Amino acid sequence: MPELPEVETMARDLKKAIVGKTIRKVWYDWPKMIHLELENGRRHLGHHPASRTMFGRKLRGLKVVSVSRRAKNVLIGLSGDHILAVHPKMTGHFLSGQWIMRGGKPLPASYGLSRRQAEAIREKVNSYIHFLLWFKDGSMLGYSDARKFGRIIFGAKEKVLGSKELSSLGPEPLGSDLDLPALRKILSSSRGRIKQMLLDQTKIAGIGNIYADEILWTSKVHPLRRANSLSDGEAKALFNNIKKVLTSAIKMRGTSMSDYRDASGESGGYMRLIKVYGREGEPCLRCRMLIKRIVIAARSAHFCPRCQRLA
DNA sequence: AAGCCGACCTGAGGGC
DNA sequence: TGCCCTCAGGTCGGCT
């Protein structure tokens with residue numbers, strides 16, 4: 001589900017909601033999701049016998065000192081130089097709320113919540129809670145993930161940042177590392193399709209299927225073009241639109257095609273600004289030609305056959 | 001080295 | 001209603 005703008009929104013929401021709070025208790029019911037980076041460089045999954053108690057014991061008493069984002073990961077900085085790195089994959093998202101345990105399952109509650117928030121955490125899409133934190137001040141943070149693809153890595157800061165998942169990531173598209181010369185270099189060294197290049201997290205980190213299609217449509221570049229075949233003008237347009245589309249999507253608090261919700265349980269507003277993704281058979285918003293959908297690398301790609309030429 | 005494919009999971013929506 | 005099929009915002013490991 002979430003791509004850079006959605007994960008950025010999650011991180012900003014969490015920053016307001018949990019920085020300064022101390023963890024009192026942890027609960028989870030999908031051990032495969034939990035990865036513990038050990039001091040000896042090895043890793044335990046949450047269902048490892050030693051991890052079951054270790055995870056909760058290690059988190060208890062730690063204070064949240066920061067929340068940030070790297071690619072599509074939310075990084076929760078904890079006291080003692082620990083990090084929780086959460087990758088929500090397709091359907092994961094955080095929720096501020098209140099739950100009570102009933103028969104080993106969390107049930108939404110409403111203590112101290114606004115009516116709107118109490119209703120939000122009861123919404124179906126927010127009800128797949130597999131991870132919960134209780135804080136000392138009585139507040140709670142839930143993590144809902146219908147498909148259970150999400151992954152939570154916990155450990156010493158340098159171990160987590162050095163893990164294979166986080167250390168192999170390319171530059172942040174909105175950071176100063178990705179300037180025009182850097183993008184030109186990435187383009188010229190990529191022989192594959194531009195759509196695949198945009199999705200390759202080791203080349204640029206954070207772009208996913210929706211925003212790749214939006215960026216290519218806005219730049220008038222066909223998704224099947226070879227990355228190294230773009231003209232100077234096309235590279236410039238691509239550069240500007242990577243920044244423009246992602247920045248605007250962050251401003252609108254992301255896109256909610258289906259599962260994505262912010263920490264208050266609300267949908268993102270960028271849906272209204274989507275130009276091609278999911279619009280197969282509908283008219284192009286520039287030229288009225290019907291939008292096509294093809295499959296590239298087992299992912300759908302949407303484009304306008306008139307505005308985005310292959311030749 | 002790069003590219004393709006299945007695996008990981010569950011839910012939603014469409015066709016019949 | 002229900003069954004069966006397809007599709008979904010993302011990686012990841014294993015195989016050519």
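So you know, we letter chains A, B, ... as the sequences are listed, proteins then strands, and number each from 1. All of these numbers come straight from a predicted model, not from anything done at the bench.
Checking the phosphate oxygens (OP1, OP2) of C:dG10, no side-chain nitrogen or oxygen of A:Gln201 falls inside 4.0 Å. The side chain of A:Arg151 places an N or O atom within less than 4.0 Å of a non-bridging phosphate oxygen (OP1 or OP2) of C:dC12. For the OP1/OP2 pair of B:dC8 and a distance below 4.0 Å, the side-chain nitrogens and oxygens of A:Lys89 include no atom meeting the criterion. Contact annotation: A:His87 side-chain N/O to C:dG10 OP1/OP2 distance is not under 4.0 Å.
Summarising the geometry, the separation between NE2 on A:His93 and P on C:dG10 is reported as 16 Å, rounded to the nearest angstrom. For the pair A:Tyr260 OH and C:dA8 C1', the interatomic distance rounds to 17 Å; values are reported in whole Å. One interatomic measurement links the two molecules: OH of A:Tyr211 to C1' of C:dG10, which rounds to 15 Å at whole-angstrom precision. Rounded to an integer number of Å, the gap from A:Arg191 CZ to B:dG3 P is 7 Å. A straight line from CD of A:Gln196 to C1' of B:dC5 spans 13 Å, rounded to a whole angstrom. For the pair A:Asp259 CG and B:dC9 P, the interatomic distance rounds to 17 Å; values are reported in whole Å. Put simply, NZ on A:Lys32 is 14 Å from P on C:dC12, counting in whole angstrom units. Rounded to whole angstrom, the span from the NE2 atom of A:His302 across to the C1' atom of C:dC7 amounts to 11 Å.
Stacking of the aromatic ring of A:Phe149 onto the base of B:dC8 is found: the ring centres lie under 5.5 Å apart and the planes are inclined by under 30°.
Listed by chain and number, the residues in a side chain to side chain contact (heavy atoms under 4.5 Å, CB included) with A:Phe135 are A:Ile18, A:Lys21, A:Ile23, A:Val64, A:Leu133, A:Asp137, A:Ser139, A:Leu141 (sequence neighbours excluded). Annotation: side-chain hydrogen bond (donor to acceptor under 3.5 Å, both in side chains) contacts of A:Glu123 (sequence neighbours excluded): A:Arg261. By the salt bridge (Lys or Arg N to Asp or Glu O under 4.0 Å) test, A:Arg69 pairs with A:Glu8, A:Glu172, sequence neighbours left out. Evaluation of the side-chain hydrogen bond (donor to acceptor under 3.5 Å, both in side chains) rule for A:Glu37 yields A:Arg43 as partners, not counting sequence neighbours. Applying the side chain to side chain contact (heavy atoms under 4.5 Å, CB included) rule to A:Arg253 yields the partners A:Thr9, A:Asp13, A:Asp262; only residues at least two apart in sequence or on another chain are considered. Residues forming a side chain to side chain contact (heavy atoms under 4.5 Å, CB included) with A:Tyr143 (at least two apart in sequence, or on another chain): A:Met33, A:Val86, A:Pro88, A:Phe94, A:Phe131, A:Asp145. Checked against side chain to side chain contact (heavy atoms under 4.5 Å, CB included), A:Ala212 has the following partners two or more places apart in sequence or in another chain: A:Lys195, A:Leu198, A:Leu199, A:Ile207.
In this structure, of C:dA8, B:dC4, B:dA2, it is C:dA8 that holds the atom nearest to the side chain of A:Ser300.
Among the heavy atoms of the strands lying under 4.0 Å from A:Arg293 are primed sugar atoms or P, OP1, OP2 only; no base atom is included.
Here the two rings, on A:His130 and A:Tyr28, have centers that are 6.0 Å apart or farther.
No side-chain donor-acceptor contact under 3.5 Å links A:Glu280 to the backbone of A:His302. Remark: the backbone N or O of A:Ile186 is paired with a side-chain donor or acceptor of A:Ser190 at under 3.5 angstrom.
Contacts classified as salt bridge (charged side-chain N to carboxylate O under 4.0 Å, His left out) and involving residues 98-118 of chain A (residues at least two apart or in different chains) are given here: A:Asp29-A:Lys105, A:Arg116-A:Glu266.
Across the interface with DNA chain C, nearest-nucleotide mapping of A:Lys164 and A:Gly208 shows A:Gly208 to be the residue nearer the 5′ end.
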Quick one: the dot-bracket string of DNA chain C, using Watson-Crick and G-U wobble pairs with both distances under 3.5 Å, [ ] for crossing pairs and | for bases paired to another strand. .|||||||.|||||||

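Using atom P as the reference point in both B:dC5 and C:dC7, the two lie 15 Å apart (nearest Å).
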List the atom pairs, donor and acceptor, that lie under 3.5 Å between side-chain atoms in residues 285-297 of chain A and the rest of the protein, sequence neighbours left out.
unit_1, atom_1, unit_2, atom_2, d
A:Arg286, NH1, A:Trp217, O, 2.9
A:Arg286, NH2, A:Trp217, O, 2.9

When you check every protein heavy atom under 4.0 Å of nucleotides 10-15 of chain B, what one-letter string (B, S, -) results, 5' to 3'? BSS---

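Residues from residues 271-285 of chain A with heavy atoms under 4.0 angstrom of DNA chain B: there are none.
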